[in-house]
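Accompanying notes for the structure given below.
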Amino acid sequence: MWSDSKGVAVSVIFCFVLAYDGNYFGCPAFTCCWIEVSDVFRSLLPWFIALLLGVLTAITGSAIALFSDFLGDTRFGFCYGIFLADRNRCCGGSENVDFLEEMPLGEGIGDDGVRWIPWAHLLGVGGSGSEFLSWFMYTFASLMFTGLAAYLVYEYAPTARGSGIPEVKAAVSGYDLPLSFTGSCLLIKSLGLSLAVGAGLSLGKEGPLIHIGVCIASTLQRICGAFGWRRAGMPFHELACVGAAAGVATAFGAPLGGVLFAVEELGSVRSLSQRTLLLSFLAAFSASFTLKSLNLTGANKLTLFALSLPTNTARKEWISWEMFAFFLTGVLGGFGGALFVTVNIWCTSRRREALKKGHLWFLPESLVSGRQRGTLNVLECILLALVTSLLSFPLLRLLRAMNTEGVHALFETCPNARPHHFGLCDEEGNMSNTSFSANVALLTASLIRLIQTTYTFGAAIPSGLFIPSLYVGATLGRAIGNIINTVASSVSEFPLHIEPAVFAMVGAISMLSGFCRMTVSLVVIMFELTGELNYIVPFMCAVLTAKLVGDLMTPSIYDAHAKLNGYMPVEEQGDVRLSACNGGDRGDTEAYRGAGLRSEVSHRKPVLVLACGSIA
């Protein structure tokens, strides 16, 4: 860093000398000075792009969050007085919303007539008709949003489907996937993600934001290429890592987690230089600062799941013997993740085989056959949205709300209005509801959300796994915490309190680790999500256990989908030497390009080996 700064200073001084002398070694002053300034600009260009990349990713993510929250609450009613406002913004915060009655506790955020109006109240329907109308509007909006998202993806950008993380890892490892990072993919991914999340499907926007960050990075690189700045001063695999770090920082408000994600997930397929890490750090900082400045929630906080009870209170202290319970929770997270990967890959394989034959994988071939692929994709997504709404709305109110709202309530301790609205606290609202019916409801919600995520991930819409997996693990972990609290209170001679919300957080991170098999970055992301520094050790125990248990049975969901898509792992080898490649070996070069691989031999060491010449 010091040598670069010193070089820039010397170049600027050299330009002043040239301007003073007028001629130096026979070179006109203006020409030589322009060359020096151009070199300085090229050296600073990657840093400027990283800064701009973080800003643009944060703005895009904020727009997606604003639009998806608005669409999600449109299923229940609308805000009179504020354009594009969801229930939380309309009522002045989620603590002012009664999720049991789908009504605000007050009139609105002020005395200017702003208020939330449910559809049943707008149409003047009461009694049992009110419940039916609420379900109808909930289902109709979900089907409409899902169908529109599926149509946009198929018609304009088929590569915008899924999370995009397997494509990002493949691009970093050396695959040339230009259609996966175009401007149209960026636009359709953003719109489709807002619609799919707003439809209430069991998916999240956090994973696709990583893909969106890389799409923005690719777009900036092409803009630089149009101005003659080749590759924006850095190869695409490095710029993709920077975009991924900005995406994670935007999705979770976790700048350090974004940098560690680039190191752990993308650095595992290709070694990253020190400059790439510094640029990722800068992009993550830029994205987080932009989010803080936009302040969409109005709480002036970056933490997505900011909890009301401080982490250093006595109620949140964990006891050493609880580590055994955290270990068992990690084991369940590993088993749950392996089960999800196995069933989801089976569903995805069946889906692709059925589409080739012209029918849907979950319906008899005689019922729907001979349809075009686009029609089948839209029809499948609409039917999946119908099944999701039928499972979510009538059964449990915890399943009705947006995934992020449900996860936040599961992480909260009692007394608090957020969990109390979902029945997670007792009737007085002072302690957690540890009754048998509450535990059955939590386990049922966990199982239903796991099933919904299994058949949703892989459909022809943008979809992420982070928040659904947190939801599955949080409901399971809170039920475990309730059971342990009941047993410990009955057998202990002294007053003993086990906080179920702690087990909800441990269960959430263990299930996410079982799905994705991340470790260090996942612990840091969870810490930045909740601000719970006191639970770093339980998080580490659960994450490590879940990863080891899951790795014994299946690969991660992203590696499994990468293999299904034909992205073979391309691992870097430090002892590879390339002999001279004969320029006449055109056939080998064309075969290499046909495989979808991109040759990028840097000045440091080769990463991919051409199919010509000998390798020693």
(Q) A cation-pi test, strictly: NZ or CZ of Arg373 under 6.0 Å from the centre of the six-membered ring of Tyr154 and no more than 45 degrees from its axis. Yes or no? (A) no

Q. Distance from Ile525 atom CD1 to Thr530 atom OG1, nearest 0.5 Å?
A. 12.0 Å

Side chains of [X] and [Y]: is there a donor and an acceptor less than 3.5 Å apart?
{"X": "Ser392", "Y": "Gln452", "result": "yes"}
{"X": "Trp135", "Y": "Thr139", "result": "yes"}
{"X": "Tyr138", "Y": "Arg75", "result": "yes"}
{"X": "Ser218", "Y": "Arg222", "result": "yes"}
{"X": "Glu167", "Y": "Thr159", "result": "no"}
{"X": "Thr453", "Y": "Ser202", "result": "yes"}

[X]/[Y] aromatic ring centres below 6.0 Å:
{"X": "Phe539", "Y": "Phe326", "answer": "no"}
{"X": "Trp119", "Y": "Phe136", "answer": "no"}
{"X": "His561", "Y": "Phe457", "answer": "yes"}
{"X": "Tyr535", "Y": "Phe527", "answer": "no"}

Q. Would the number of heavy atoms belonging to other residues, nucleotides or ligands and lying under 6.0 Å from CE of Met540 be above 12?
A. no

**Q.** Phe327, CZ atom: more than 12 neighbouring heavy atoms under 6.0 Å
**A.** no

Are any side-chain N or O atoms of [X] and backbone N or O atoms of [Y], one a donor and one an acceptor, separated by less than 3.5 Å?
{"X": "Arg161", "Y": "Gly458", "value": "yes"}
{"X": "Thr475", "Y": "Val472", "value": "yes"}
{"X": "Arg351", "Y": "Trp361", "value": "no"}
{"X": "Thr276", "Y": "Leu272", "value": "no"}
{"X": "Asn344", "Y": "Thr454", "value": "yes"}
{"X": "Thr519", "Y": "Leu544", "value": "no"}
{"X": "Glu380", "Y": "Ala459", "value": "no"}
{"X": "Lys189", "Y": "Gly162", "value": "yes"}
{"X": "Ser513", "Y": "Ile509", "value": "no"}
{"X": "His359", "Y": "Leu376", "value": "no"}

Q. Step by step, would you call Glu528 with Phe252 a side chain to side chain contact (heavy atoms under 4.5 Å, CB included)?
A. CA-CA 8 Å; Glu528 293 182 289; Phe252 299 105; over 6 Å; no

Q: Inspect the contact between Lys547 and Asp551 and indicate whether a charged nitrogen and a carboxylate oxygen are less than 4.0 angstrom apart.
A: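 A salt bridge links Asp551 with Lys547.
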
Q: Inspect the contact between Glu131 and Arg400 and indicate whether a charged nitrogen and a carboxylate oxygen are less than 4.0 angstrom apart.
A: yes

Q.
Can you give me the closest heavy-atom contact between Ala196 and Ile461, atom names plus distance?
A.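 So the two residues come closest at CB-CD1, 4.4 Å.
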
Q. What pair of heavy atoms forms the shortest contact from Phe145 to Leu71, and how long is it?
A.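 The answer is CE1-O, 3.4 Å.
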
Q: Might you work through the side chain to side chain contact (heavy atoms under 4.5 Å, CB included) test for Leu465 and Phe340, ending with a clear yes or no?
A: CA-CA 11 Å; Leu465 280 177; Phe340 167 78; 3.6 Å; yes

Q.
List the residues meeting side chain to side chain contact (heavy atoms under 4.5 Å, CB included) with Val341, not counting sequence neighbours, and say none if there are none.
A. Ile345, Arg517, Thr554, Ile557, Ala560

Could you tell me if the side chain of [Y] sits less than 4.5 Å from the side chain of [X], heavy atoms only?
{"X": "Ile480", "Y": "Ile484", "result": "yes"}
{"X": "Ser349", "Y": "Leu564", "result": "yes"}
{"X": "Tyr558", "Y": "Cys516", "result": "yes"}
{"X": "Arg449", "Y": "Leu399", "result": "yes"}
{"X": "Ile382", "Y": "Met144", "result": "no"}
{"X": "Leu239", "Y": "Leu220", "result": "no"}

Q. Does the pair Val387 and Leu391 meet the rule for a side chain to side chain contact (heavy atoms under 4.5 Å, CB included), with working shown?
A. CA-CA 6 Å; Val387 174; Leu391 290 175; 4.0 Å; yes

Q: Go through the steps for Phe362 and Tyr455 under the test ring pair (Phe, Tyr, Trp, His ring centres under 6.0 Å), then give the verdict.
A: CA-CA 10 Å; Phe362 54 84; Tyr455 63 67; 8.3 Å; no

Q.
Could you walk me through whether Phe466 and Phe515 satisfy the side chain to side chain contact (heavy atoms under 4.5 Å, CB included) test, starting with their C-alpha distance in whole Å, then the side-chain angles of each, then the deciding distance to 0.1 Å, before giving a yes or no?
A. CA-CA 9 Å; Phe466 283 79; Phe515 279 31; over 6 Å; no

Q.
Please identify which of these residues, Leu186, Leu187, Leu193, meets the side chain to side chain contact (heavy atoms under 4.5 Å, CB included) condition with Ser190.
A. Leu186

